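Written out below as structure tokens is the structure these notes cover.
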Amino acid sequence: MQGGTLNSAQQRVLSGMRPTGALHLGHYHGVLKNWIKLQHEYDCFFFVADWHALTTHYEDTRDLSGHVWEMVIDWLAAGVNPGSAKLFIQSRVPEHAELQLLLSMITPLGWLERVPTYKDQQEKLRERDLATFGFLGYPLLQSADILIYRAGLVPVGEDQVAHVEFTREIARRFNHIFGREPDFEAKAEAASKKMGKKNAKLYRELRKRYQEQGDHEALDVGRALLESQQNLTMGDRERLYGYLDGGSRSILPEPAALLTEAAKMPGLDGQKMSKSYNNAIGLRDEPEVVTQKLRTMPTDPARVRRTDPGDPAKCPVWQLHKVYSNEEVRSWVETGCTSAGIGCLECKQPIIDAVLKELEPIRERAREFAGNEKLVRNIISDGCEAARDVARDTLEDVRQAMGLAYR
Ligand code: TRP
Ligand code: SF4
């Protein structure tokens, strides 16, 4: 079930990030700011995709755990709030793996081979042997990550949209093969009782009025009633929605991609900011390092001497002004650059100021979290527990649908 009947606070958002270690401004502007916004609007689940790292980097795992914790600290420092979103580590919710295994039974090999990243990444990472089962199955692991939480929305970049699309196809195939829950009615009845006697009675009446007399107002009131219930699991809530309007409940709802705009944050050389291009500003870089990086970054190559006019369109610094500067500063740059009225260091100063200002609170919070390992571990433990509760619930339904409920 999608947005139509769930209000946004009940709509679940899920996203994962590979543990790459300390993050940079590209992650902040591209992903984290978006997460921070979403965490106030939706029921958010954000996780460290550590198993995903193994699908490509299985040979040397010495840095893995360090990278996991560094990244979590940077999430927290940037403002991802464990009070609003569940933060956890994939491998600590082993239900993801069981769901991947069960889904693998119905996943045609051709579907996996045709996922665009399969061939692309093999070409790109030629130095690695990626002719592995784990690598081929990686999109299905991602499907399990998403479907285990019955997430409605998955914030991802352009490169990951195909994986969400793949997930939709897997969910559709699963629902087609295993259909609706065998004891849907009984489960819905049981779920209605969890609302308390009075509400359960009201729910039954509204359902009857809608289904027997076609009373649409009753349907609306019934949905509002379900929305206001705090104690229902996602599974029960969906059953009750389905039972109310006479539909059923798809066991694994199809998620939608929530496309994150292409990274607005260019690197120091004008290319996309990335650790491997060596053009990044780390979220925890010291102010002197940040200043030095920006002061030495390249400018329009045509401006050899201070007296040579330049063209902002050919200058990576201008890309940064587009992120950080207001109209007034930008027009100062345009005029000053094209007339050789300002020097490049002068031009960079407002950016240096803005980046330092932006990073100061992040660096400060990172320092606090880094010095309080116990707190960080507790936050993650709580997130893992909360995630597992949801994951277990879904897996229970999946096992049942697949005829495995005899344990
Ligand atoms: N595959 C994603 C990446 O490489 C990370 C990821 C893993 C993910 N599982 C996910 C993203 C589930 C969104 C939803 O960036
Ligand atoms: Fe680039 Fe600014 Fe120098 Fe022009 S003045 S080349 S925009 S750094």
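When a ligand or atom number is given, it counts from 1 through the structure's own listing order. Given the structure is predicted, the values throughout are model-derived calculations rather than measurements.
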Identity and distance of the protein heavy atom lying nearest [atom]:
atom: atom 2 (C) of ligand 1; answer: Gln160 OE1, 3.2 Å
atom: atom 4 (O) of ligand 1; answer: Arg18 NE, 3.1 Å
atom: atom 9 (N) of ligand 1; answer: Asp145 OD2, 2.7 Å

For [X] and [Y], does a side-chain donor sit closer than 3.5 Å to a side-chain acceptor?
X: His67; Y: Thr20; value: no
X: Ser143; Y: Arg168; value: no
X: Asn372; Y: Glu368; value: no
X: Asn326; Y: Glu328; value: no
X: Arg92; Y: Ser381; value: yes
X: Gln11; Y: Glu41; value: no

key: Residue and atom names of protein N/O/S atoms that fall under 2.8 Å from atom 3 (Fe) of ligand 2   =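 Protein N/O/S atoms under 2.8 Å of atom 3 (Fe) of ligand 2: Cys344 SG.
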task = Run the numbers on Phe135 and Tyr118 for ring pair (Phe, Tyr, Trp, His ring centres under 6.0 Å), then give the verdict.
result = CA-CA 8 Å; Phe135 183 67; Tyr118 181 57; 5.7 Å; yes
For His96, ring pair (Phe, Tyr, Trp, His ring centres under 6.0 Å) partners two or more places apart =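 For His96, the residues satisfying ring pair (Phe, Tyr, Trp, His ring centres under 6.0 Å) (neighbours in sequence not counted) are Phe47, Tyr149.
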query = Lys86 pairs by side-chain hydrogen bond (donor to acceptor under 3.5 Å, both in side chains) with which of Asp389, Asp43, Asp382?
reply =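 Of the listed residues Asp389, Asp43, Asp382, the side-chain hydrogen bond (donor to acceptor under 3.5 Å, both in side chains) partner of Lys86 is Asp43.
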query = Heavy atom under 4.0 Å from ligand 1: found in Val164's side chain, backbone, both, or neither?
reply =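 It is neither part, as no heavy atom is under 4.0 Å.
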ask   = Heavy atom under 4.0 Å from ligand 1: found in Phe47's side chain, backbone, both, or neither?
value =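 For Phe47, only side-chain atoms sit under 4.0 Å from ligand 1.
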Show the atoms of ligand 1 that are less than 4.0 angstrom away from any heavy atom in [X].
X: Val156; value: 13 (C)
X: Val154; value: 13 (C), 14 (C)
X: Leu14; value: 12 (C), 14 (C)

query = Out of Ile106, Val398, Leu102, which one pairs with Phe178 under the side-chain contact (heavy atoms from CB on, under 4.5 Å) rule?
reply =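 So, applying the side-chain contact (heavy atoms from CB on, under 4.5 Å) to Phe178 and each of Ile106, Val398, Leu102, only Ile106 qualifies.
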query = If hydrogens are left out, which of Gln142, Gln90, His52, His163 has an atom nearest to atom 12 (C) of ligand 1, that is, the closest non-hydrogen atom?
reply =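 Heavy atom nearest to atom 12 (C) of ligand 1 belongs to Gln142.
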ask   = Between Ala257, Pro255, Gly16, Ser143, which one has a non-hydrogen atom sitting closest to atom 5 (C) of ligand 1?
value =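 Heavy atom nearest to atom 5 (C) of ligand 1 belongs to Gly16.
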ask   = Can you find an N/O atom of Ser15 closer than 3.5 Å to an N/O atom of ligand 1?
value =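 In this structure, Ser15 places no N or O atom under 3.5 Å from an N or O of ligand 1.
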Geometric class of the Tyr243/Tyr203 ring pair [parallel <30°, tilted 30-60°, perpendicular >60°] =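 The rings of Tyr203 and Tyr243 lie parallel, inter-plane angle below 30°.
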